[in-house]
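Heads up, the thing below is written out as structure tokens.
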Amino acid sequence: MQLEWAASTSPHGIEEYHIFRNGNRVASTAQTIYVDTGLASNTAYTYQVKAVDRMGNESPLSNSVTVKTRGTDTCANLPTWNKNEIYLGGNKVQYHHKIYEARWWTQGEQPGTTGEWGVWSYIEDCSDTESNVPAEPIEPTEPDPCDPTDPHHPSNPEADEWAPSIYYPAGDLIIYHGKTYRSLQSHTSLQGWEPNRVPALWQEE
């Protein structure tokens, strides 16, 4: 089971995230992605995340996401896409219950967001149609409010909050989850193309 969430912020910096399954802490990671393994098939699990900064301050638990593991299907023997992995042309992965094949070398480019001529080619949905995946990522809360004078704070008047279905010219500044990003190329935003997910479109300032 692959979990993803947006990065939290703190004036002290984020040290790690605690992952909770069914109310019990099962792991910690410094990344914003975690793969939970060894789960029973065809079983529902509820997940939450808690952010911890470098001073030891903990955020409240995030919203909960309930997912159901799959039975045996066409994705059973395929690895789940990981933004930290390097993939070569011909490599196949599963992501959000779909199968994708890399056309060439890639790393960090999310399947389903690279377009018709992008690196990832959609092959088919997994055969087990009863598997549930979260519609929205886990959203951890902040362990400590950000200083409003910080230029990365959402109240920064020089940048607007990112939103889908908006045209962003190259060089435009936006705010997303308390961080400032600069548009690398002109485009119209889509759901799933959040700045922290598409490094080809956005660069954190």
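Numbering starts at 1 and runs along the sequence shown.
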Could you check if a side-chain atom of Y181 sits within less than 4.5 angstrom of a side-chain atom of N196, using non-hydrogen atoms only? yes
Quick one: does L3's side chain get under 4.5 Å of R21's, heavy atoms only? no
Check whether Y100 reaches the backbone of Q110 with its side chain - one donor and one acceptor, N or O, closer than 3.5 Å. no
Between S10 and D53, what is the shortest heavy-atom contact and its length? OG-OD2, 3.1 Å
Does a side chain donor of either Y47 or D36 reach within less than 3.5 Å of an acceptor in the other side chain? yes
For the backbone of G118 and the side chain of R103, can you confirm whether one donor and one acceptor N or O come within less than 3.5 Å of each other? yes
d(N82 CG, E4 CD) to nearest 0.5 Å is 8.5 Å
Distance in Å, F20 CZ paired with S62 OG, rounded so as to fall on 0.5 Å steps: 9.5 Å
Identify each donor-acceptor pair in which a side-chain atom of residues 163-173 lies under 3.5 Å from a protein atom, sequence neighbours left out, and give them as a table.
residue	atom	partner	partner atom	Å
Y167	OH	S186	OG	3.4
Y168	OH	A163	N	3.1
Y168	OH	A163	O	3.4

Does K92 offer a backbone N or O that forms a donor-acceptor pair with the side chain of E101 under 3.5 Å? no
Do W81 and W120 have side chains that approach each other closer than 4.5 Å (heavy atoms only, starting at C-beta)? yes
Look up atom CH2 in W193 and atom OG1 in T114, then write down how far apart they are to the nearest 0.5 Å. 9.0 Å
Is it true that a side-chain atom of Q94 and a backbone atom of L78 form a donor plus acceptor pair closer than 3.5 Å? yes
Atom pair NZ (K83) and CD1 (I33), whose distance is rounded to the nearest 0.5 Å: 6.5 Å
With L184 via side-chain contact (heavy atoms from CB on, under 4.5 Å) - residues at least two apart: Q203
Measuring centre to centre across the rings, with the benzene-like ring taken for any Trp, is W5 within less than 6.0 Å of H177? no
Heavy atoms, side chains only, cut-off 4.5 Å: are N84 and Q31 in contact? yes
Joint cluster assignment, V93 & I86, ILVMFWY side-chain distance < 4.5 Å: no
Only residue of H18, K50, E15 satisfying side-chain hydrogen bond (donor to acceptor under 3.5 Å, both in side chains) with S28 is H18
Spacing of NE2 belonging to H12 relative to CE belonging to M55, to within rounding of 0.5 Å: 5.5 Å
Does Y34 reach the side chain of Y17, with side-chain heavy atoms less than 4.5 Å apart? no
Please report the interatomic distance OG1(T80) to CD(Q2), rounded to the nearest 0.5 Å. 5.5 Å
When you group the ILVMFWY residues by side-chain heavy-atom contacts below 4.5 Å and let the links chain together, are W104 and Y122 in the same group? yes
Spell out, yes or no, whether V35 and Y95 are grouped together once hydrophobic residues are joined by side-chain heavy atoms under 4.5 Å, including indirect joins. no
Can any side-chain N or O of D125 pair as donor or acceptor with the backbone N or O of K98 at less than 3.5 Å? no
Mind checking whether E109 and Y87 have side chains closer than 4.5 Å, heavy atoms only? no
I'd like to check P195 versus I174 (side-chain heavy atoms, cut-off strictly below 4.5 Å). Are they in contact? yes
Of all the heavy-atom pairs spanning T66 and A44, show the shortest one and how long it is. CG2-CB, 4.3 Å
Check: Q185 and L201 side chains under 4.5 Å, non-hydrogen atoms: yes
